[in-house]
Amino acid sequence: MRTVYLLALCCLLSLQALAQSSYRRVKARNGDGVETLLIRYGLNPRLYSRQFKQLNQKNLRRGNGLITGRTYLLPKAQATRKNASRSAARTTPRRARTTARAVTRLPVSKAPISSAQLFGPRIGTPRAQNGTLRGAVFYLSSGHGGPDPGAIGKYGSFKLAEDEYAYDVTVRLARVLIENGATVYVMVQDPNDGIRDENVLPMDYDEVHYPHRPIPLSQVQRLRQRIAQVNALHARHKGAYQRLLALHVDSRSEGQNIDVFFYHHPNSPTGLRLAKNIHRVFTSRYKRAQPNRPYSGNVSERGTLFEVRNSHAPAVFMELGNIRNQKDQRRFVVADNRQALANWIAEGIIADYRGKK
């Protein structure tokens with residue numbers, strides 16, 4: 001009887017070991033969380049987070065954190081059509097789902113982009129909920145766009161385009177500012193993206209310049225076109241509190257982890273004040289969210305930047321992180337983090353507006 005029990009136990013342990021060996025084993029990278037690890041390997045966190053935690057409960061830190069360099073088991077992708085389609089919709093670029101060839105340029109619509117298109121059908125047209133920023137005018141300029149996606153980061157088998165993530169933070173910021181009563185001009189616009197909660201944002205080339213102009217391939221022409229429009233609008237709103245905010249996702253070396261940096265023109269005290277107000281919010285929020293991690297982002301002069309140098313409205317140029325760095329990518333691929341960036345920038349803007357002379 002004892003022999004039979006031992007044989008049964010051995011069989012059970014063997015089956016468990018065999019089951020575990022059939023799961024793919026991957027190593028956590030520096031800065032990984034459950035969500036970012038799953039996304040890297042094409043698994044939708046909403047579908048697979050619970051199973052991942054069950055498979056790896058012995059190797060998780062308190063709060064379900066991952067240990068850098070530790071090996072983890074990946075859940076098996078569901079074979080059902082329903083789950084497969086849902087997972088693809090969340091993790092795979094929409095134009096990459098049906099073809100592996102390069103994305104072709106989409107035709108630019110002749111109709112002006114409406115507010116509902118700009119923010120997407122889920123959001124619609126934002127409405128002022130208070131008058132905190134009533135009378136203020138903002139020009140939001142996300143980096144690159146149209147024929148130029150900017151810097152490209154690798155995220156597992158996916159590519160992350162700088163212009164898509166800078167744009168998503170920009171339209172999120174626009175929404176917050178409008179809800180606080182501001183007048184907002186989004187200088188780069190996409191007719192069908194809106195505010196997106198996907199982790200991997202599909203790369204496309206259909207962005208246009210406000211009010212509805214094709215974006216030139218030449219960087220110099222793009223910037224001239226953009227600033228010419230900003231300055232024309234600035235003249236229209238003469239006497240108002242007006243600010244230009246340019247948002248980029250840095251393209252430094254892949255291994256360089258950076259914080260959010262703010263640049264202003266050396267001869268613009270108002271630009272400096274706005275940069276410091278936003279920087280002050282970021283410093284405070286980082287201390288609260290990550291008390292054991294020093295925040296190294298700073299404010300500095302950069303008069304050579306085209307938008308900063310030529311804008312009639314005081315300007316702040318922001319580098320939100322390094323799209324090619326694995327740790328910085330967490331700042332962008334999680335929608336809540338993109339919203340946090342927008343909220344923190346808005347907080348700094350509100351502080352600056354309230355303290356204006």
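What you are looking at is a predicted structure, and each value in this text was computed from that prediction instead of being measured. In what follows, every heavy atom counts, from backbone to side chain, and hydrogens, waters and symmetry copies are set aside.
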Heavy atoms of Leu74 and Phe52 approach each other most closely as CD2-CE1, 4.3 Å
Query raised in the report: Would a line drawn from the ring center of His237 to the ring center of Tyr185 be shorter than 6.0 Å?
Result: yes
So, Asn231 side chain and Asn310 main chain: donor-acceptor pair closer than 3.5 Å or not? yes
More than 12 heavy atoms of other residues, nucleotides or ligands under 6.0 Å from CG of Asn130: yes or no? yes
Looking at the rings of Phe261 and Phe317, which for Trp means the six-membered one, are their centres under 6.0 Å apart?
-> no
Can Asp204 and Asn192 be said to form a side chain to side chain contact (heavy atoms under 4.5 Å, CB included), step by step? CA-CA 10 Å; Asp204 60 25; Asn192 50 39; 4.0 Å; yes
- Item | Expected output: side-chain Arg302 to main-chain His264 donor-acceptor under 3.5 Å | no
Is the number of heavy atoms from other residues, nucleotides or ligands within 6.0 Å of CZ (Arg122) greater than 12? yes
Exercise. Going through the checks in order, is the side chain to side chain contact (heavy atoms under 4.5 Å, CB included) test met by Arg243 and Ile349?
Worked result: CA-CA 9 Å; Arg243 300 292 185 268; Ile349 289 171; over 6 Å; no
Task: Under 3.5 Å: donor-acceptor pair, side chain of Ser311, backbone of Pro314 - done: no
Closest heavy-atom pair, Pro75 versus Leu38, reported as atoms and distance to 0.1 Å, is CD-CD2, 4.1 Å
Q. Are the side chain of Asn337 and the backbone N or O of Phe332 linked by a donor-acceptor pair below 3.5 Å?
A. no
In terms of heavy-atom contacts, Leu201 and Tyr165 come closest through N-OH, 3.0 Å
Check: Thr270/Lys356 side-chain N/O donor and acceptor closer than 3.5 Å | no
Across all chains, not counting sequence neighbours, the salt bridge (charged side-chain N to carboxylate O under 4.0 Å, His left out) partners of Glu301 are none
Taken to the nearest 0.5 Å, the spacing of Ile123 CD1 from Arg172 CZ works out to 8.0 Å
Exercise. Are Arg338 and Asp197 ion-paired here, with the side-chain N under 4.0 Å from a carboxylate O?
Worked result: no
Does the side chain of Arg226 pick up a donor-acceptor pair with the side chain of Ser141 at under 3.5 Å? yes
What one should report as the nearest heavy-atom pair of Asn277 and Gly348 is CB-O, 3.5 Å
Between Phe262 and Ala275 the two heavy atoms that sit nearest each other are CB-CB, 4.1 Å
Rounding to 0.5 Å, atoms CG (Asn56) and CD (Gln51) come to a distance of 10.0 Å
Chi angles and distances behind the side-chain hydrogen bond (donor to acceptor under 3.5 Å, both in side chains) call for Arg70, Asn59:
CA-CA 8 Å; Arg70 183 70 57 86; Asn59 287 323; 3.0 Å; yes
When Lys159, Arg196, His144 are each screened for side-chain contact (heavy atoms from CB on, under 4.5 Å) with Glu164, the one that passes is Arg196
Give the intermediate values and the outcome of side chain to side chain contact (heavy atoms under 4.5 Å, CB included) for residues Asp163 and Asp148.
CA-CA 8 Å; Asp163 69 325; Asp148 178 18; over 6 Å; no
Tightest non-hydrogen contact, residues Ala346 and Leu177, listed as CB-CD2, 4.2 Å
Test ring-ring contact (aromatic ring centres under 6.0 Å, His included) applied to His279 and Tyr295, step by step | CA-CA 10 Å; His279 175 261; Tyr295 173 68; 5.7 Å; yes
Going by an N to O cut-off under 4.0 Å, is there a salt bridge joining Arg280 and Asp352? no
Is Leu274 reachable from Leu341 through a run of hydrophobic residues whose side-chain heavy atoms are each under 4.5 Å from the next? yes
Q | Cluster check Ile227, Val137: I/L/V/M/F/W/Y, side chain < 4.5 angstrom | A | yes
Cluster question for you: counting only ILVMFWY and a side-chain heavy-atom cut-off of under 4.5 Å, with indirect links fine, are Leu244 and Tyr353 together?
no
- Query: Do Glu347 side-chain atoms and Val281 backbone N/O form a donor-acceptor pair below 3.5 Å?
  - Reply: no
In the single-linkage hydrophobic clustering (I, L, V, M, F, W, Y; side-chain heavy atoms under 4.5 Å), do Phe306 and Val249 co-cluster?
no
Rounded to the nearest 0.5 angstrom, the CG-CZ distance for Asp328 and Arg331 is 4.0 Å
Point to revise | Side-chain H-bond candidate by donor/acceptor type, Tyr167 with Glu207, under 3.5 Å | key: no
Next item on the list: Say whether Leu245 and Tyr210 are linked into one hydrophobic cluster, either directly or through other cluster members, by side-chain heavy-atom distances under 4.5 angstrom.
Entry: no
**Message:** Please check: side-chain N/O of Tyr241 versus main-chain N/O of Arg134, any donor-acceptor pairing under 3.5 Å?
**Reply:** no
Problem set entry | Any side-chain donor near an acceptor of the partner, Gln339 and Asn343, under 3.5 Å | yes
